[in-house]
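Taking it in order: structure first as structure tokens, then the write-up.
Computed from a prediction, not measured in an experiment: that's the story for all the values here. Start at 1 and go down the list; that is how both ligands and their atoms are numbered.
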Amino acid sequence: MTRILAIGSYTDTDSAALAGMGAQALPSLDALASLPQDLRSGVEGLAYKGHAALGGDSMDLLPGLRVIANFGVGYDAIDVEAATARGIVVTNTPDVLNDDVADLAVGMLIAQNRGFEPAMAAVRSGDWSAKGDLPLARKMSGRRVGVLGLGRIGQEIAARLVPFKCEIHYWSRSPKSTPGWTFHDDPVALARAVDDMIVAVVGGPETEGLVSAQVIEALGTDGVLVNIARGSVIDEAALIEALEQGRIRGAALDVFRGEPHVDPRLARLPNLLPLPHIGSATVETRAAMGALQRRNLQAVLAGDAAVTPVNAV
Ligand code: 8YV
């Protein structure tokens, strides 16, 4: 009997480990409804990897479900309220990816300020020898950087920027005890106070469109906006307009609304550095995320407390 379903695309190592626990693989959430009812009825654990919305309707297809173990720290795709109402424990994979995501955010800020993309293109295309040196880029060390959301990942980002002599400003639901970083009580005030902004808040309804047209405007024509959180946090239409009109100098995005489909107007902008959601995409971190996902599944199915639950059931 199948006790565990593993939805999503896993590495060979993770697939083997899940299969070792008796899990049946399912490529996507859409395929759930077409599974035979007797198979669905026996499922108690769901290993979930993906960003498609997992709501109460899907949970109801698995009436014996006890745990949804999400592969990822962000669980905005999962209707946690619906899970709690059904007595289902939801878990995520926090902390093990902080370093990778923070490394990427800082790398994106450097790459965008120093103009890595046009510089690489000049070498590859032969323009360097044909047309000579590129226009000068901007110095990154010493810039004033605003971190929007000072949770686990936001703190790692801010800490990494200190050795770059950056002045750190942040917005968070409440002020934190920090080594001299400046708190702002609204995102527009944060944007006004800094040169560049890095978005590190959780996704979901409470942060939907938090980076509004006003925030982008307040960042100003020298500003760079970096997003390693969720596409839903940024008013993408306002960002496209601002990038097209040069009202913001650049953006570096690892996440998009409706990803993996990216608005073509956004994708073709020369002042955008786009990445395909690779924040946690290293061999080491993905292995740690998979291991934590499985530990959560095993714990709940054995009747123990989840290792990293996000709801109280
Ligand atoms: C995804 C992420 O988990 O952890 C998160 O919240 O967004 C990523 O690490 C990864 O893309 C796998 O879906």
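Looking at Gly74 next to ligand 1, an N or O pair under 3.5 Å apart turns up. Checked by distance only, ligand 1 and His277 come closer than 3.5 Å through their nitrogen or oxygen atoms. Between Val73 and ligand 1, an N or O atom pair is found at a separation short of 3.5 Å.
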> Where do Thr93 and Asn70 land on the side chain to side chain donor-acceptor pair (under 3.5 Å) test, with the steps shown first?
Replying inline: CA-CA 7 Å; Thr93 61; Asn70 186 49; over 6 Å; no
> Going through the checks in order, is the side chain to side chain donor-acceptor pair (under 3.5 Å) test met by Asn227 and Asp254?
Replying inline: CA-CA 6 Å; Asn227 189 8; Asp254 186 44; over 6 Å; no
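Taking the six-membered ring wherever Trp is involved, the centroid distance between the rings of Tyr48 and Phe71 does not fall below 6.0 Å.
Among protein heavy atoms, the minimum distance from atom 3 (O) of ligand 1 is reached at Phe71 O, 3.0 Å. In this structure, atom 13 (O) of ligand 1 lies nearest to the protein heavy atom His51 NE2, 3.3 Å.
Contact atoms of ligand 1 toward Ser280: 8 (C), 9 (O) (distance under 4.0 Å to a heavy atom of the residue). Distances below 4.0 Å separate heavy atoms of Leu97 from the following atoms of ligand 1: 4 (O), 9 (O). Interface of Arg230 with ligand 1, defined as ligand atoms under 4.0 Å from a residue heavy atom, comprises 2 (C), 5 (C), 6 (O), 7 (O).
With Asp235 contributing its side chain and Ala238 its backbone, the two residues share a donor-acceptor pair below 3.5 Å.
Legend: residues meeting side chain to side chain donor-acceptor pair (under 3.5 Å) with Asp79, ordered by chain and number and at least two apart, are absent.
The side chain of Arg286, and not its backbone, has at least one atom closer than 4.0 Å to an atom of ligand 1 (non-hydrogen atoms only; side chain from C-beta on).
Within the structure, salt bridge (charged side-chain N to carboxylate O under 4.0 Å, His left out) pairs that include any residue of residues 270-299 comprise Asp14-Arg294 (at least two apart or interchain).
A chain of hydrophobic side-chain contacts below 4.5 Å, direct or via other Ile, Leu, Val, Met, Phe, Trp or Tyr residues, connects Leu46 to Ile78.
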